[in-house]
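Small disclaimer: the values here were computed from a predicted structure and weren't measured.
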Amino acid sequence: MKKRFDVSGMTCAACQANVQKAVEKLGVDSVNVNLISESMTVNYDPSKINKEDIIKAVVDIGYGARPKNDTNSENTSLKEVEEMSTINRLKISFAFLMPLMYISMGEMINLPIPGIFKGLTGAVNYAFVQFLLAIPVIFINRKFFISGFKGLIKKAPNMDTLVALGSSAACIFGIFAIMRMSYAQATSDFDTLMHYRHNIYFESSATILTLITLGKYFEARSKGETKSSLKNLMELAPKRANIIKDGVEKSVDVSDLVKGDIVLVRPGEAIPVDGIIIEGSSLVDQSAITGESIAVNKGIGDEVISASINKQGSFKFKASRVGEDTTISQIISLVNDANETKAPIARIADKVAAIFVPLVIVIAIATFVIWTLASKNIEFALNLMIAVLVISCPCALGLATPMAIMVATGKAAQLGLLFKNAESLENLHKTNTILLDKTGTITEGKPVVTDVATDLDEKDFLEVAYSIEINSEHPLSSAIVAYAKEKSVRQQEVNNFKAISGLGISGQISDRTYLAGNERLMTENNISLGKYEKLALRYSEEGKTSMYFSDGEKIIGLMAAQDIPKESSRKAIRELKNLGYELIMLTGDNERTAEAIRKDLAIDKKFAQVLPQDKDKVVRKLQKEGKKVTMVGDGINDAPALARADIGVAIASGTDIAIDSCDVVLIKNSLLDLVESIKLSQMTIKIIKENLFWAFFYNIILIPIAAGLLYPFIGLTLNPMFAALAMSMSSVFVCLNSLRLRSFKANNKEEKNNNEEKEVNEKEIKMSELNKMIVKVDGMMCENCAKHVSKALISLAGIENVDIDLANKEALVDYFGSINEKEISDAINEAGYEYKGIEYK
């Protein structure tokens, strides 16, 4: 059983490691703790362990835990309350810290201070007022002491332990100083009195707590920025939906929708769940989900995706995927899963964090003992010990990896790149060989006509081909029909149509029987191929499939079709080669076709006539040769190879089993996104390495300085207050450095051009798809009538422009997509006029 929990009170890598160890001791199958999202995912056997056991294990070592409820706003409310609490603590802390610093430091910089705090007579007042001002700061930040000492008692020290020890030591020494000063004043021991007057550490105790709280606030703000991408994704999906039930429209919660519900979507509304349009048409903006910058024309039978935006008109669709099965829910789930897994590079920080805090305590104690013995000055030794404790807080170390992973996965989701786990994000750029499935991955996945050869007038030939092929469901027939429609040829009547299995088709037009098919069909009907035989051979060498057409006596023409490469694939392959990857194509096609495509795209190698199980064998063969393999595919036959490869990348338009078997999903179905995935992986690891370097470097350099290593040589020590500030700023630096990933941009030319010319392209697409029709309307008498009819028509999905001709009682309408005649009739009749029919132009 897999369950997610919210964990409170974690502040550093040691906290994360402590929580993980405590839960692992219960005997769970696996546990992943995320410092940034303050969450934990646990796989366990519910027959042996229950969630109460897990919560108790976390609570016992000084943290809080409870089951996560993603559908409830309570989690967000608690975080808001916690942020407000931090702000209030900061306000109160600074309110007392400022006068405390004024009194303690005022004399040093010649500021005027009251006479009761000056000289020998005011020494005890001077110290005692500082104590009174420090107490509220200590009390308001008591969470550091509660968490820190609880962790120490449970043998799970953390960052709060270091803060609590450092602040407590400074405060206790200050109290000790007041006692010594009071006794010295009573006994007229003025040397001792002045000595302790200059060695009071209440300001250090208060400043450490205040600055670390300030650092935590900035860190929390940075975390909020980090999680904003995921939050934005979650906010894309609407909370309410309009459904049609028993002919009545009603509004319901999206969570109440069930498969099969009829949902109504109006202009400007977000689509609540996935489904199939059953009535109406519109332009739909899918950019937030698929990254397509241009709105897509959708009509009856087309699929709509949850969280995409309906731009025009109203339509109804039948819900096909609801709840956790919707596209947006699956994206959010994948991003969450990626955030809650650890990249291999994070294990370095985990190993260090596990021993770091105990080691720092030992170093701090050793610093105090050595300097007390060496200098005979307990105050000096205490100052160094406090600096060591404060400077060593491993916040930056704990934030280094998860912060970058969270920003990167959120950014990737915005770009239409889904990494299933952090390990995939780290390892993608480490592979050196990329296997590419051909059909649907490199190519469009369907044949298109590339060549036409005929002795007849081409239009006459296409009329014959179109008229016969439109009756067939073969993919090649579909390609020929689509090509003929582009040429606007007319359809002739066909009688006695027959599909001849494995050979082709035949049909009768005007008492003449025509044949369309392969070479074998022509041979069996004693039809000479003539000059077309050599032409078909040339097409075959180019990787194309030829179809002969005969009038029963001779060949009248030849058409060649091919599953052509996507233009984006050409660009992607060039970029991948520039990045130094070896590219290999896998296909079930014959050698000749495969070689033609390989040459055309300049792919390094190919494996042709590959069966599904052979794709898996190719991956294993390459891995045995020491290569790190990325496999890219989309079909059921690719699933074994996707699972076997070091990194499996699935095209989102592919089958569910292919997507389930992979590590990375490319939502936009473009290989250019593979290039961007690799670049994002490279940039993420670069950021993580920078974070880890500065976290390690910071501690390696500053701990020895804090311990007084340079004091004998150049007299340099580190004041505890500056240590607290430096520690806080190191965490903020790691957060800000990670946030650089938010500026990552898909920089391929296709994406750039789409983004720059989005509005222009949308208009061009609309114009290129516009059709015209004349709607006959009876009852129009004046300009006012014309306005009413025009308004009624323009409100319908797909209608772009309406011009009214009152004299002829008709409306000239520009429209795109499919038009529902009943909707037009109803709209005109409801406006008070009589619908008389449509004439298409």
**Request:** Just grab all the ring-ring contact (aromatic ring centres under 6.0 Å, His included) pairs involving residues 508-567, residues at least two apart or on different chains.
**Result:**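 Sorted pair list: Phe461-Phe549.
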Are [X] and [Y] packed together at the side-chain level, in the sense that at least one heavy-atom pair is separated by less than 4.5 angstrom?
X: Val273; Y: Arg321; result: no
X: Ile271; Y: Ile305; result: no
X: Val629; Y: Arg644; result: no
X: Ser550; Y: Met522; result: yes
X: Asp604; Y: Ile584; result: no
X: Val464; Y: Leu456; result: no
X: Ile468; Y: Ile509; result: yes
X: Thr441; Y: Leu671; result: yes

**Asked** With sequence neighbours excluded, what pairs up with Thr513 under the side chain to side chain donor-acceptor pair (under 3.5 Å) test?
**Response**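 Partners of Thr513 by the side chain to side chain donor-acceptor pair (under 3.5 Å) criterion come out as none, since no residue qualifies.
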**Item:** Listed partners of Ser472 passing side chain to side chain donor-acceptor pair (under 3.5 Å), at least two apart
**Value:**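 Residues passing side chain to side chain donor-acceptor pair (under 3.5 Å) with Ser472: Ser477.
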What are the two closest heavy atoms between [X] and [Y], and how far apart are they?
X: Ile527; Y: Glu553; result: CG2-O, 4.2 Å
X: Ser320; Y: Gly275; result: OG-CA, 3.3 Å
X: Thr433; Y: Tyr581; result: N-CD2, 4.4 Å
X: Asn310; Y: Pro267; result: ND2-N, 3.5 Å
X: Ser790; Y: Val802; result: OG-CB, 3.8 Å
X: Leu666; Y: Ser677; result: CD2-OG, 3.7 Å

[Y] backbone acceptor or donor facing [X] side chain under 3.5 Å:
X: Lys544; Y: Asp451; result: no
X: Asn518; Y: Arg520; result: yes
X: Thr630; Y: Ile434; result: no
X: Lys298; Y: Glu303; result: yes
X: Asp600; Y: Ala596; result: no
X: Asp826; Y: Glu823; result: no
X: Ser506; Y: Leu515; result: no
X: Asn829; Y: Tyr835; result: yes
X: Thr454; Y: Gly557; result: no
X: Asp457; Y: Lys459; result: yes

**Item:** Worked verdict on Ile597 versus Lys606 for side-chain contact (heavy atoms from CB on, under 4.5 Å)
**Value:** CA-CA 9 Å; Ile597 294 175; Lys606 70 168 193 314; over 6 Å; no
Kindly compute the distance separating [atom1] ([X]) from [atom2] ([Y]), expressed to the nearest 0.5 Å.
X: Met547; Y: Leu521; atom1: CE; atom2: CG; answer: 9.5 Å
X: Ser467; Y: Arg490; atom1: OG; atom2: CZ; answer: 8.0 Å
X: Ile774; Y: Ile838; atom1: CD1; atom2: CD1; answer: 11.0 Å
X: Asp460; Y: Asp455; atom1: CG; atom2: CG; answer: 13.0 Å
X: Ile442; Y: Met585; atom1: CD1; atom2: CE; answer: 5.5 Å
X: Lys571; Y: Leu672; atom1: NZ; atom2: CG; answer: 7.0 Å

**Side chains of Thr431 and Asp646, donor plus acceptor under 3.5 Å** =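 No pair is found: no donor N or O on one side chain lies under 3.5 Å from an acceptor on the other.
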**Asked** Do you see a donor-acceptor pair shorter than 3.5 Å between the side chains of Ser306 and Asp274?
**Response**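 The answer is yes; a qualifying pair exists.
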**Request:** Start with the C-alpha gap between Asp673 and Leu415, add the side-chain angles, then the distance that decides, and say whether side-chain contact (heavy atoms from CB on, under 4.5 Å) holds.
**Result:** CA-CA 8 Å; Asp673 286 341; Leu415 296 173; over 6 Å; no
**Asked** Crowded around Lys809 NZ? As in, over 12 foreign heavy atoms under 6.0 Å?
**Response**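 Count over threshold, so yes.
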**Request:** Tell me, yes or no, whether the heavy-atom count around Lys628 atom NZ, taken from other residues, nucleotides or ligands under 6.0 Å, exceeds 12.
**Result:**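 Open.
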**Asked** With the threshold set at 4.0 Å, does a side-chain nitrogen-carboxylate oxygen contact exist between Arg538 and Glu542?
**Response**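 The answer is yes: the pair qualifies as a salt bridge.
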**Prompt:** Salt bridge check: are Glu810 and Lys836 linked by an N-O gap of less than 4.0 Å?
**Reply:**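 The answer is no: the pair does not qualify as a salt bridge.
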**Prompt:** For Lys485 and Tyr466, what are the C-alpha separation, side-chain angles and deciding distance, and is it a side-chain contact (heavy atoms from CB on, under 4.5 Å)?
**Reply:** CA-CA 8 Å; Lys485 283 183 175 179; Tyr466 175 49; 3.7 Å; yes
**Asked** Does the pair Leu586 and Met631 meet the rule for a side-chain contact (heavy atoms from CB on, under 4.5 Å), with working shown?
**Response** CA-CA 10 Å; Leu586 298 179; Met631 169 70 195; 4.0 Å; yes
**Among Leu418, Val632, Val649, side chain to side chain contact (heavy atoms under 4.5 Å, CB included) partner for Val664** =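 Among the candidates, only Val649 passes.
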**Request:** Walk me through it: do Glu625 and Lys621 pass the test salt bridge (Lys or Arg N to Asp or Glu O under 4.0 Å)?
**Result:** CA-CA 7 Å; Glu625 293 173 3; Lys621 176 178 180 292; 3.0 Å; yes
